[in-house]
2 protein chains.
Amino acid sequence: MLNYSEIDSILRALVEPTRRQILEKLSRGPATVSQLAEPFGMTFAAVLQHLQVLEACGLIRSEKIGRVRTCRIEPGGLAPLADWIAERRIPAERHLDRLGQILAETDQSPPKVQDQEKDEQT
Amino acid sequence: MLNYSEIDSILRALVEPTRRQILEKLSRGPATVSQLAEPFGMTFAAVLQHLQVLEACGLIRSEKIGRVRTCRIEPGGLAPLADWIAERRIPAERHLDRLGQILAETDQSPPKVQDQEKDEQT
DNA sequence: GGAATAGTTAAGCATGGACTTGAGTATTGC
DNA sequence: GCAATACTCAAGTCCATGCTTAACTATTCC
């Protein structure tokens, strides 16, 4: 059983493009907070906040030695999300087959699908 | 090559718990807008907006027959995100092995990791 | 010991997105 | 045709979150 709020926190962390870029950068090797902050047109404090979010949900890990904090990817960090997706893809892939279509028409009662993609008014 | 903004729109869609619940419900079979709106303590219009977000990023599909719009899961909808994760897990899994540790210590220069988890002031 | 460096925290602003309300349109049943 | 149904759209409110500023702490170098 997956923890619902774990998925939630991982998704909230990943939805922010800056944080995905940080992950990208860390996946090429560990880096200090200042090294990470440098390329972004953003203050030190902002990057630090992103790092805290990433660490809180287990996507990265960091340790402070002296006055320098070094961050690195947490290897299994994306696993819960990968599992969540896997769980949902299998049953989803079954609907929309013949069976799914038949169930759709007999169960709920949309008269009949005469012509797919008839609307699409964006 | 994955489209960056595609991942972005999928993550933005999934980060909202209500939308994940809608997906959950649809994965058990197609449903009309009113059927989806019913169980949530939320207006029709709000649910409709969620459905539009889900459809815009390809996670669901809908068709209108008469005055009834029926929604269903788009089978391959989660595939881009699954791929994105897969791409990032493989290289990430390599760091944090012996090699990653060694690179971390020789490349950037944190003197030496004498004692892991020394800080942790939440 | 004092200045410079590296990071930390808190407060405040600003934007985006979820949700509501309310009015409008198309379809169905009588 | 007219009312009810099922959905659609636009505008507005409100709150969460990203970012900044500014003050603060802990280390290192001289």
Side-chain angles (χ1 to χ4, degrees), chain A residues 5 8-23 30-57 60-72 108-115 118-122, chain B residues 5 8-23 30-57 60 62-71 108-115 118-122:
Chain A
S5 61
D8 201 67
S9 65
I10 292 174
L11 284 170
R12 272 209 305 268
L14 289 180
V15 82
E16 167 62 39
T18 308
R19 284 196 286 265
R20 292 205 299 278
Q21 280 177 262
I22 290 174
L23 280 184
T32 67
V33 178
S34 2
Q35 286 169 340
L36 288 171
E38 227 176 11
F40 299 103
M42 201 181 296
T43 60
F44 204 85
V47 172
L48 190 64
Q49 281 167 17
H50 284 310
L51 291 173
Q52 286 165 347
V53 171
L54 287 169
E55 187 157 21
C57 72
I60 70 169
R61 187 161 55 85
S62 78
E63 57 195 342
K64 195 172 184 180
I65 295 157
R67 61 184 169 183
V68 176
R69 178 171 293 276
T70 304
C71 305
R72 60 198 72 203
Q108 1 273 340
S109 41
K112 184 147 281 219
V113 182
Q114 334 143 11
D115 195 5
K118 222 1 174 335
D119 47 321
E120 218 62 51
Q121 64 250 53
T122 313
Chain B
S5 61
D8 200 67
S9 65
I10 292 174
L11 285 170
R12 271 209 306 269
L14 289 180
V15 81
E16 168 61 39
T18 307
R19 285 196 285 264
R20 292 205 299 279
Q21 282 178 261
I22 290 174
L23 280 184
T32 67
V33 179
S34 1
Q35 285 169 341
L36 287 170
E38 225 176 11
F40 300 103
M42 199 181 298
T43 60
F44 203 85
V47 172
L48 190 63
Q49 282 168 16
H50 285 311
L51 291 173
Q52 285 165 348
V53 172
L54 288 169
E55 187 156 20
C57 72
I60 70 169
S62 77
E63 57 194 342
K64 196 172 183 180
I65 296 158
R67 62 186 167 181
V68 177
R69 178 171 293 277
T70 303
C71 306
Q108 0 272 341
S109 41
K112 184 147 281 223
V113 183
Q114 332 142 14
D115 195 5
K118 220 5 174 330
D119 44 321
E120 218 62 47
Q121 64 250 53
T122 313

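The structure presented is a predicted model; accordingly, all values stated were derived computationally and were not measured. Here is how names work: the chains are called A, B, and so on, in the same order as the sequence lines, proteins then strands, and each is numbered from 1.
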Return the value, rounded to whole Å, for the distance between atom [atom1] of [X] and atom [atom2] of [N].
| X | N | atom1 | atom2 | answer |
| --- | --- | --- | --- | --- |
| L11(A) | dG17(C) | CG | P | 16 Å |
| F40(B) | dC19(C) | CZ | P | 10 Å |
| Q52(B) | dC7(D) | CD | P | 13 Å |
| L54(B) | dG17(C) | CG | P | 15 Å |
| I65(A) | dG7(C) | CD1 | P | 12 Å |
| L48(A) | dA6(C) | CG | P | 14 Å |
| L51(A) | dG18(D) | CG | C1' | 14 Å |
| E63(A) | dT8(C) | CD | C1' | 18 Å |

Is the phosphate of [N] approached by [X] (side-chain N or O, under 4.0 Å from OP1 or OP2)?
| X | N | value |
| --- | --- | --- |
| H50(A) | dT17(D) | no |
| R19(B) | dA18(C) | yes |
| T43(A) | dT20(D) | yes |

>> Would E63(A) and R69(A) count as a side chain to side chain contact (heavy atoms under 4.5 Å, CB included) here? Give the steps.
In response: CA-CA 5 Å; E63(A) 57 195 342; R69(A) 178 171 293 276; 5.7 Å; no
> What do the steps show when you test C71(B) against T32(B) for side chain to side chain contact (heavy atoms under 4.5 Å, CB included), and what is the final call?
Replying inline: CA-CA 6 Å; C71(B) 306; T32(B) 67; over 6 Å; no
> Would a distance-only check, ignoring hydrogens and angles, find a side-chain to backbone donor-acceptor pair under 3.5 Å from S5(A) to D8(A)?
Replying inline: no
> Which is it for R19(B) and V53(B) under the side chain to side chain contact (heavy atoms under 4.5 Å, CB included) test, yes or no, and what are the steps along the way?
Replying inline: CA-CA 9 Å; R19(B) 285 196 285 264; V53(B) 172; 3.7 Å; yes
Taking only the side-chain heavy atoms of [X] (C-beta and beyond), determine which of [options] contains the nearest atom.
| X | options | answer |
| --- | --- | --- |
| V68(A) | dT27(D), dT20(D), dG7(C) | dG7(C) |
| Q49(A) | dT9(C), dA18(C), dC19(D) | dC19(D) |
| F44(A) | dT20(C), dC7(D), dG7(C) | dG7(C) |
| R12(B) | dG17(C), dT27(C), dC19(D) | dG17(C) |
| S34(A) | dT20(D), dA6(C), dC19(C) | dA6(C) |
| K64(B) | dT8(C), dC7(D), dT20(C) | dC7(D) |
| R67(B) | dT5(D), dC19(C), dC7(D) | dT5(D) |

>> Taking the nucleotide of DNA chain D with the nearest heavy atom to each, does M42(A) or A45(B) sit closer to the 5' end?
In response: A45(B)
>> The test is side chain to side chain contact (heavy atoms under 4.5 Å, CB included); show your working for T70(B) and V68(B) and say whether it passes.
In response: CA-CA 6 Å; T70(B) 303; V68(B) 177; 4.2 Å; yes
